[in-house]
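Beneath this line is the structure, given in structure tokens, with notes to follow.
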Amino acid sequence: MLTTMKSLLIDAKKNGYAVPAPNVWNEDSIRAAIRTAESERSPLILPLYPVMADILEFGYIARELARKTHIPVAIHLDHGQSFEEAVKAIRAGFTSIMVDRSQLPFKENAAQVKEIVKMAHAVGVTVEAELGHVGQGYEYEKTRDAGLTKPEEAVEFVKETDVDCLAVAIGTSHGVYKGVPKIDFTLLDKLNQVIQVPLVLHGGSGTGDDNIARVVKGGISKVNIYTELDSAGREALQENANIIQSKNLLELSKMVYDGYAKKLAHYMHLIGAAERV
């Protein structure tokens with residue numbers, strides 16, 4: 001069942017859980033994510049990072065598969081970097097887009113997000129933006145503190161842009177952490193108190209189960225995951241190294257996506273999304 005991300009996140013915020021957003025990039029990964037959501041009875045967001053696949057082709061495949069399931073599914077453009085990408089995603093039938101201008105100064109970030117929000121809302125598409133900046137794990141010690149979201153700016157940003165949800169920087173990082181994750185739960189509590197729209201966490205992988213469970217309790221309504229799902233797929237192959245030589249590509253692919261799905265199911269339970277449908 002194809003739906004908007006806004007509707008999913010409103011329910012998540014109201015009921016104290018988070019919706020999983022596992023990165024997908026082709027038909028097999030989309031099917032694995034939807035199959036897992038069906039088995040765990042979880043709502044689902046399908047985010048595409050634009051460098052991983054063609055936006056128009058992805059939209060066609062994801063729309064068709066989303067419409068065939070009873071699970072509520074949103075199709076989402078992850079970390080959209082340009083106005084052209086936003087337009088292309090809307091044309092492709094995405095039900096939400098992320099406008100990532102988090103490395104720009106506050107005023108430029110807000111101005112560009114505001115313009116895309118006007119366009120997207122006119123056709124019923126949800127918009128996510130990021131304030132503060134979630135960096136890369138390999139440079140975690142250098143960038144962690146510099147990018148944290150400021151509550152007073154967040155309030156102004158949401159009011160100025162009319163964005164539907166906000167990705168906040170509270171100490172997570174994309175990719176593999178170099179160092180130990182340090183989550184600022186006090187900052188999250190402040191953000192949750194002053195911001196009315198649902199909050200989004202990027203960099204869920206490697207943050208630790210206890211930390212993830214705690215940020216959901218603290219007000220996070222969407223958790224982005226990729227690196228751990230990718231690792232789980234590779235580990236599934238390694239665990240079957242003794243039989244790989246006898247398998248064809250189809251069977252090897254199934255191993256990879258079974259590993260991906262098993263880890264995704266774990267996250268669905270961890271963030272409280274399982275048994276919600």
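- Within a 6.0 Å radius of CG in Asp210, other residues, nucleotides and ligands contribute 12 heavy atoms or fewer.
- Tested against Val200, the residues Leu166, Ile220, Val168, Asn224 include a single side-chain contact (heavy atoms from CB on, under 4.5 Å) partner, Asn224.
- Using a 4.5 Å cut-off on side-chain heavy atoms (C-beta onward), Leu201 and Ile212 make contact.
- Looking at Lys222 and Glu128, a side-chain N of the basic residue comes within less than 4.0 Å of a carboxylate O on the acidic one, giving a salt bridge.
- Heavy-atom minimum distance, Ser42 versus Ile71: O-CG2, 3.0 Å.
- Met1 places none of its side-chain heavy atoms less than 4.5 Å from the side chain of His70.
- Looking at heavy atoms from C-beta onward, Tyr60 lies out of side-chain contact with Ile55 at the 4.5 angstrom threshold.
- Looking at Leu199 and Leu188, their side chains come closer than 4.5 Å, going by heavy atoms from C-beta outward.
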What's the verdict on side chain to side chain contact (heavy atoms under 4.5 Å, CB included) for Asn192 and Lys13, showing C-alpha distance, side-chain angles and the deciding distance?
CA-CA 10 Å; Asn192 191 43; Lys13 181 175 175 63; 3.7 Å; yes

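- No side-chain heavy atom of Phe185 sits under 4.5 Å from any side-chain heavy atom of Lys217.
- We find that Asp230 and Arg234 are joined by a salt bridge, their nearest charged nitrogen and carboxylate oxygen being less than 4.0 Å apart.
- A salt bridge links Asp258 with Lys254; the closest basic N to acidic carboxylate O contact falls under 4.0 Å.
- Across every non-hydrogen atom of Leu8 and Ala74, the tightest pair is CD1-CB, 4.0 Å.
- Ile271 is connected to Ile170 through a chain of hydrophobic side-chain contacts under 4.5 Å among Ile, Leu, Val, Met, Phe, Trp and Tyr, so both are in one cluster.
- Side chain of Thr4 to main chain of Thr126: no donor-acceptor pair is present (N/O by atom type, distance under 3.5 Å, no hydrogens or angles).
- A continuous path of Ile, Leu, Val, Met, Phe, Trp and Tyr side chains, each step under 4.5 Å between heavy atoms, connects Ile34 with Leu264, placing both in one hydrophobic cluster.
- Glu160 has a carboxylate O that lies under 4.0 Å from a charged side-chain N of Lys114, or vice versa, which qualifies the two as a salt bridge.
- To the nearest 0.5 angstrom, Ile97 atom CD1 is 14.0 Å from His79 atom NE2.
- Taking all atoms of both residues into account, the shortest heavy-atom contact from Gly16 to Val216 is O-CG1, 4.0 Å.
- Of the inter-residue distances, the one linking Met268 atom CE with Glu40 atom CD reads 7.0 Å to the nearest 0.5 angstrom.
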Checking Gln81 against Glu85 for the side chain to side chain contact (heavy atoms under 4.5 Å, CB included) test, could you report, in this order, the C-alpha distance in whole Å, the side-chain angles of both residues, the deciding distance, and whether it holds?
CA-CA 7 Å; Gln81 298 292 315; Glu85 283 181 343; 3.9 Å; yes

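- Annotation for Gly204 and Glu228: closest pair O-OE2, 4.4 Å, computed over non-hydrogen atoms.
- Taking CG from Leu104 and NZ from Lys107, the interatomic distance works out to 14.0 Å, rounded to the nearest 0.5 Å.
- When hydrophobic clusters are built by joining Ile, Leu, Val, Met, Phe, Trp and Tyr residues whose side-chain heavy atoms come closer than 4.5 Å, directly or via intermediates, Ile225 is grouped together with Leu48.
- Side-chain atoms of Thr186 and Asp189 form no donor-acceptor pair, as typed in the model, at a separation below 3.5 Å.
- In Arg67, the CZ atom is crowded: over 12 heavy atoms of neighbouring residues, nucleotides or ligands sit closer than 6.0 Å.
- For the 3.5 Å distance criterion, the side chains of Glu130 and His202 fail to qualify, holding no donor opposite an acceptor.
- Minimum interatomic distance between Ile45 and Pro22 (heavy atoms only, all atoms of both residues): O-CD, 3.2 Å.
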Side chain to side chain contact (heavy atoms under 4.5 Å, CB included) between Glu27 and Leu65, worked out:
CA-CA 9 Å; Glu27 182 175 344; Leu65 294 177; 4.2 Å; yes

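- The local environment of CZ in Phe83 is sparse, with at most 12 non-hydrogen atoms from other residues, nucleotides or ligands closer than 6.0 Å.
- Residue Leu148 holds its CG atom at 6.0 Å from CG of Leu187, rounded to the nearest 0.5 Å.
- Side chain of Asp164 to backbone of Val127: a donor-acceptor contact under 3.5 angstrom is found.
- No donor-acceptor distance shorter than 3.5 angstrom exists from the side chain of Thr3 to the backbone of Pro72, with no hydrogens or angles considered.
- A salt bridge is absent between Lys190 and Asp184: the closest approach of a Lys/Arg side-chain nitrogen to an acidic carboxylate oxygen does not fall below 4.0 angstrom.
- Here the straight-line distance linking atom CE of Met255 with atom CG of Leu250 works out to 10.5 Å at 0.5 Å rounding.
- In this structure, Arg31 is not positioned above the aromatic face of Tyr257 in the sense of NZ or CZ being under 6.0 Å from the six-membered ring centre and within 45° of the axis.
- With rounding to the nearest 0.5 Å, the separation of CG in Leu229 from OG in Ser29 is 10.5 Å.
- Annotation for Pro47 and Asn23: closest pair O-ND2, 3.4 Å, computed over non-hydrogen atoms.
- Contact annotation: the side chain of Phe58 never approaches that of Pro50 to less than 4.5 Å [non-hydrogen atoms, C-beta and beyond].
- Classification of Asp28 and Arg35 as a salt-bridged pair fails, no side-chain N sitting under 4.0 Å from a carboxylate O.
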List the steps, then state whether side chain to side chain contact (heavy atoms under 4.5 Å, CB included) holds for Tyr226 with Met52.
CA-CA 12 Å; Tyr226 174 62; Met52 299 177 79; 4.0 Å; yes

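- No more than 12 heavy atoms of other residues, nucleotides or ligands sit less than 6.0 Å from atom CZ of Arg214.
- Remark: Lys118 engages Glu115 in a salt bridge, criterion side-chain N to carboxylate O under 4.0 Å.
- Panel note: side chain Arg276, backbone Gly272; a donor-acceptor pair is recorded below 3.5 Å.
- Side-chain heavy atoms closer than 4.5 Å link hydrophobic residues (I, L, V, M, F, W, Y) into clusters, and following such links, possibly through other members, connects Val24 to Leu77.
- Looking at Val277 and Pro43, their side chains come closer than 4.5 Å, going by heavy atoms from C-beta outward.
- Following chains of ILVMFWY side-chain contacts shorter than 4.5 Å, one can reach Ile90 starting from Ile116, so the two form part of one hydrophobic cluster.
- Here the side chain of Arg101 pairs no donor or acceptor atom with the backbone of Leu131 at under 3.5 angstrom.
- For the pair Val125/Lys6, no side-chain contact is recorded, criterion being any heavy-atom separation below 4.5 Å from C-beta on.
- Residues Glu38 and Thr69 bring a donor and an acceptor atom of their side chains to less than 3.5 Å of each other.
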